[in-house]
Amino acid sequence: MSLDLFDTHAHLHFPEFDEDREAMLDRARAAGVRRMLTIGTEPESSRAAVALAAREAEVWAAVGIHPHDAAEGDATALAEIERLAGEPRVVAVGEIGLDYFRNLSPPEDQERVFRALLGLARRLGKPVIVHCRDAHEDVLRILGEERAGEVGGIMHCFSGDVAIARRCLDLGLMISLAGPVTYPKPRALPDVARFVPADRLVIETDCPFLPPQGHRGQRNEPAFVAITAARVAELRSESPDVLAARLTANACALLGIP
Ligand SMILES: [Zn+2]
Ligand SMILES: [Zn+2]
């Protein structure tokens with residue numbers, strides 16, 4: 001059986017890939033990546049995500065406003081995300097969330113935009129892609145208050161421990177592991193990789209950011225999700241092809257992708 005990988009969080013439409021996007025997608029296919037979700041971070045990049053998904057059969061889109069961009073998330077921007085969310089091949093709302101590590105937007109703007117787009121996701125019945133950095137208490141509280149469990153979603157690039165993973169699962173979310181699980185100092189991520197039930201786990205690159213071990217300092221790309229998959233399979237004592245098929249099935253079920 002050949003690998004069947006799904007990169008559930010990539011920014012394939014970002015300018016970092018403008019010079020070699022087709023070659024990058026070919027490398028992804030060659031590595032067994034048959035599906036990718038490209039993620040918008042504000043209205044303009046969400047439009048680019050939708051356009052790329054319309055062109056590439058293996059690419060679907062999510063549209064949203066990243067916490068870094070929340071200060072610009074006015075009524076016009078939110079209305080544009082709502083319009084884009086209705087486009088074909090838009091299968092999720094995101095990325096959205098809170099980032100208190102860099103605080104590039106004021107926390108009150110982050111929370112306002114996060115709540116508004118959780119409300120949009122619930123109205124549309126689409127799952128959410130959640131970004132959380134140094135903000136787990138507030139993110140988990142807001143996800144509960146806004147009843148995100150009704151639509152489900154993915155805690156992307158999960159960075160917490162087993163206790164936080166359990167709370168995410170209790171809220172109805174899936175956990176996505178990215179390149180950091182492959183690092184020599186992976187903190188609690190190996191425990192998390194072993195803890196999450198097989199039907200609640202997915203993987204991602206977050207490319208062009210966060211390359212896995214062996215590619216650190218380089219641009220990340222979807223083909224490298226195979227490295228993360230291999231490490232997670234090793235941690236769970238499973239074969240990579242069986243694990244990949246399982247995680248792909250999870251992502252497809254959540255996102256409504258055949
Ligand atoms: Zn993110
Ligand atoms: Zn991202």
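Each ligand, and each atom within it, is numbered from 1 in the order the structure gives.
Val151 shares a hydrophobic cluster with no other residue; no ILVMFWY side chain has heavy atoms under 4.5 Å from its own.
Glu56 and Arg29 are joined by a salt bridge, as a carboxylate oxygen and a charged side-chain nitrogen come within less than 4.0 angstrom of each other. At a threshold of 4.0 Å, the pair Glu58-Arg35 does not count as salt-bridged, since none of the basic side-chain nitrogens sits closer than that to a carboxylate oxygen.
Closer than 2.8 Å to the Zn ion (ligand 1) sit the protein N, O or S atoms Glu95 OE1, His131 ND1, His156 NE2.
In terms of the salt bridge (Lys or Arg N to Asp or Glu O under 4.0 Å) criterion, Glu42 has no residue partners (sequence neighbours excluded). In this structure, the salt bridge (Lys or Arg N to Asp or Glu O under 4.0 Å) partners of Glu137, at least two apart in sequence or on a different chain, are Arg167.
In this structure the side chain of Glu82 reaches within 4.5 angstrom of the side chain of Arg123, judged on heavy atoms.
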